[in-house]
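Please read these numbers as outputs of a predicted model, since none were measured by experiment.
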Amino acid sequence: MSWSKKQLSTLITVSITSFMGTFLISSINIALPAIENSFGLNAISLSWIITAFLVATGIFLLPVGKWGDISGNVRLFKAGLIVFTLASVLCAVSPSGIWLIAARFLQGVGSAFSNTTGQAILVTNFPARNRGQVIGISVASVYAGLATGPFIGGFLTQAFGWHSLFYVAAVLGVFSTIIAFAFLEKDTAKTGIDKKVNLRGAVFFVLGLVALVYGSSHIPSAFGWGLMSFGVAMLVLFWVIESRLANPMFETRLFTRNKLFGYSNLAALVNYTATSAIVFFLSLYLQKIQGLPPREAGAVIIAQPVMMALFSPVVGKLSDKIEPRYFATLGMAMCSMGLLAMAFFTSATPLWVIILVLVWEGLGFAFFSSPNMNTIMSSVDKSRYGQASGIASSMRIFGQIVGMTIVTFFFAFHFGSKAVTNVSDSIFLIAMKWGFVTFALISVVGIYFSFTRGNVERK
């Protein structure tokens with residue numbers, strides 16, 4: 001492994017940024033009961049602490065990916081770090097639940113800028129023969145954040161309160177920003193590229209995404225169903241408009257004319273939809289049903305991301321030599337089995353069984369994620385790296401949004417306007433059971449997309 005100083009500094013910078021975002025996400029899940037008690041939020045409002053971040057990220061991922069290909073990824077990466085850091089401070093000093101949700105939205109905007117451009121910067125600076133390996137290392141840093149977040153987040157919440165999580169995120173943001181400005185070179189001028197992007201469909205995209213997510217919080221009322229239907233219609237209209245534009249924000253042709261790219265992204269969408277709410281559900285389950293304090297609950301949940309962090313670089317490197325879809329399909333099947341097992345968790349389930357299932361789930365995700373991302377970035381030419389990274393990140397965020405929308409649906413259906421702490425244990429377990437059954441069935445669909453996508457062309 002003979003990498004240049006520039007390559008190593010790029011890998012370190014992007015990896016630290018990847019760690020920062022997921023550390024905050026996973027630690028906040030553990031702190032949700034404390035935030036609920038602090039502001040007196042009900043279950044639906046509590047879910048928006050997570051959802052607001054995801055919606056903001058989802059709105060900006062696609063235009064940032066396109067913008068990065070046109071104007072340069074490095075400057076957008078740095079801008080995202082600055083916004084994320086400032087928003088973290090605003091989250092820490094929020095005086096109410098509404099302010100916290102608004103600050104989380106701004107934080108999601110910053111995350112969209114840095115996460116979308118980060119993968120494009122990484123792939124640009126390494127040859128194709130090392131792509132799976134460096135993506136695996138980057139993905140491992142994501143999972144390292146997920147792994148340390150629950151435990152450290154639980155400790156900080158228990159010792160210093162939930163506000164401390166956002167102060168830590170702000171410190172990490174400052175550190176990442178300094179590294180980015182110190183080591184990442186400025187973008188080179190791009191010639192021969194049409195810098196006019198048609199944003200005609202962006203309005204329909206934003207309307208559709210917001211209506212879909214907000215409508216889920218009003219299920220099962222007619223207003224909620226109507227708003228969700230409107231959201232789906234707007235997203236369909238967005239697709240139709242983008243497919244007819246000469247220089248669109250979202251290139252639908254990458255899906256319709258590139259099966260390898262399209263199916264790999266659909267597999268990612270399905271996988272993240274099915275798995276994104278695991279930590280959200282289990283953080284509440286372990287504290288409410290199992291009676292664990294935040295620190296111990298985090299120590300249990302850490303089992304899943306630890307497996308992801310350990311095995312993602314290994315599987316990523318192997319996917320440079322062995323066809324990636326075999327690893328990804330195996331991983332998707334393992335995730336489906338793990339999700340189904342979680343549907344049978346009860347108040348009497350031993351902790352060792354919970355940890356064993358999480359280890360299995362984490363291993364399955366490690367087998368899927370790095371090879372799948374390697375396939376996505378290998379299926380397009382260099383001029384589309386930014387957009388490919390943006391779309392791949394969008395699949396992750398859209399999957400998380402759909403996953404949280406499903407959670408919100410089951411919460412609204414079973415809990416009404418009650419807080420999680422005021423719902424009986426039996427009702428909570430019913431909502432969690434059918435949530436995980438739904439996610440397991442969704443995950444099975446992803447096995448088809450993963451296996452039938454085709455093979456990567458080796459150069």
Side-chain angles (χ1 to χ4, degrees), residues 10-25 50-91 102-125 138-139 141-142 145 166 169-188 190 193 195 197 199 202 205-206 209-210 249-250 373 376-377 384-398 400-401:
T10 300
L11 178 59
I12 292 171
T13 305
V14 174
S15 296
I16 290 176
T17 305
S18 300
F19 170 87
M20 177 182 67
T22 54
F23 169 83
L24 182 61
I25 291 172
I50 305 297
T51 305
F53 179 92
L54 297 176
V55 169
T57 306
I59 288 174
F60 285 91
L61 277 174
L62 292 177
V64 168
K66 186 73 173 182
W67 190 9
D69 282 335
I70 294 173
S71 63
N73 289 301
V74 174
R75 70 190 66 182
L76 299 185
F77 181 81
K78 294 175 180 177
L81 288 176
I82 294 172
V83 173
F84 183 92
T85 303
L86 293 176
S88 296
V89 175
L90 293 177
C91 287
R104 286 282 288 161
F105 183 90
L106 182 60
Q107 202 174 42
V109 175
S111 179
F113 275 73
S114 57
N115 286 340
T116 302
T117 54
Q119 289 297 319
I121 293 170
L122 197 61
V123 172
T124 301
N125 283 278
S138 176
V139 169
S141 67
V142 170
F166 294 105
V171 171
L172 287 174
V174 170
F175 181 62
S176 299
T177 303
I178 292 172
I179 292 178
F181 276 89
F183 291 105
L184 292 186
E185 297 181 359
K186 293 183 179 180
D187 296 296
T188 55
K190 298 188 177 184
I193 297 178
K195 296 190 176 184
V197 180
L199 298 176
F205 175 69
V206 174
L209 195 61
V210 173
M249 178 182 74
F250 177 69
M373 189 64 183
I376 290 173
M377 299 306 291
R384 286 186 168 89
Y385 279 167
Q387 188 163 189
S389 177
I391 291 175
S393 297
S394 296
M395 293 302 106
R396 182 184 73 249
I397 296 300
F398 295 162
Q400 291 174 329
I401 289 173

Any chance you could lay out the side-chain contact (heavy atoms from CB on, under 4.5 Å) test for F113 and V83, step after step, and finish with the verdict?
CA-CA 9 Å; F113 275 73; V83 173; over 6 Å; no
Between atom [atom1] of [X] and atom [atom2] of [Y], what is the distance when rounded to the nearest 0.5 Å?
{"X": "Q107", "Y": "S88", "atom1": "CD", "atom2": "OG", "value": "4.0 Å"}
{"X": "I121", "Y": "L11", "atom1": "CD1", "atom2": "CG", "value": "12.5 Å"}
{"X": "L106", "Y": "L90", "atom1": "CG", "atom2": "CG", "value": "6.5 Å"}
{"X": "L86", "Y": "L81", "atom1": "CG", "atom2": "CG", "value": "11.0 Å"}
{"X": "F166", "Y": "T85", "atom1": "CZ", "atom2": "OG1", "value": "13.5 Å"}

Aromatic rings F84 and F53: how do their planes relate, parallel, tilted or perpendicular, breaks at 30° and 60°?
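Aromatic pair F84/F53 classed perpendicular.
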Give the minimum heavy-atom separation between [X] and [Y], together with the two atoms involved.
{"X": "V89", "Y": "A170", "answer": "CG2-CB, 3.8 Å"}
{"X": "F77", "Y": "T17", "answer": "CZ-OG1, 3.3 Å"}
{"X": "C91", "Y": "R104", "answer": "SG-N, 3.8 Å"}
{"X": "S176", "Y": "I16", "answer": "OG-CG2, 3.3 Å"}

Whether the side chain of S141 engages the backbone of S15 through a donor-acceptor N/O pair (distance < 3.5 Å, no angle test) should be reported.
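Present.
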Counting N and O atoms only, with roles assigned by atom type, does the side chain of T117 sit under 3.5 Å from a partner on the main chain of V74, one being a donor and the other an acceptor?
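Side chain of T117 to backbone of V74, a donor-acceptor pair under 3.5 Å: no, none is there.
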Hey, does F23 have a side-chain heavy atom less than 4.5 Å from the side chain of L172?
yes
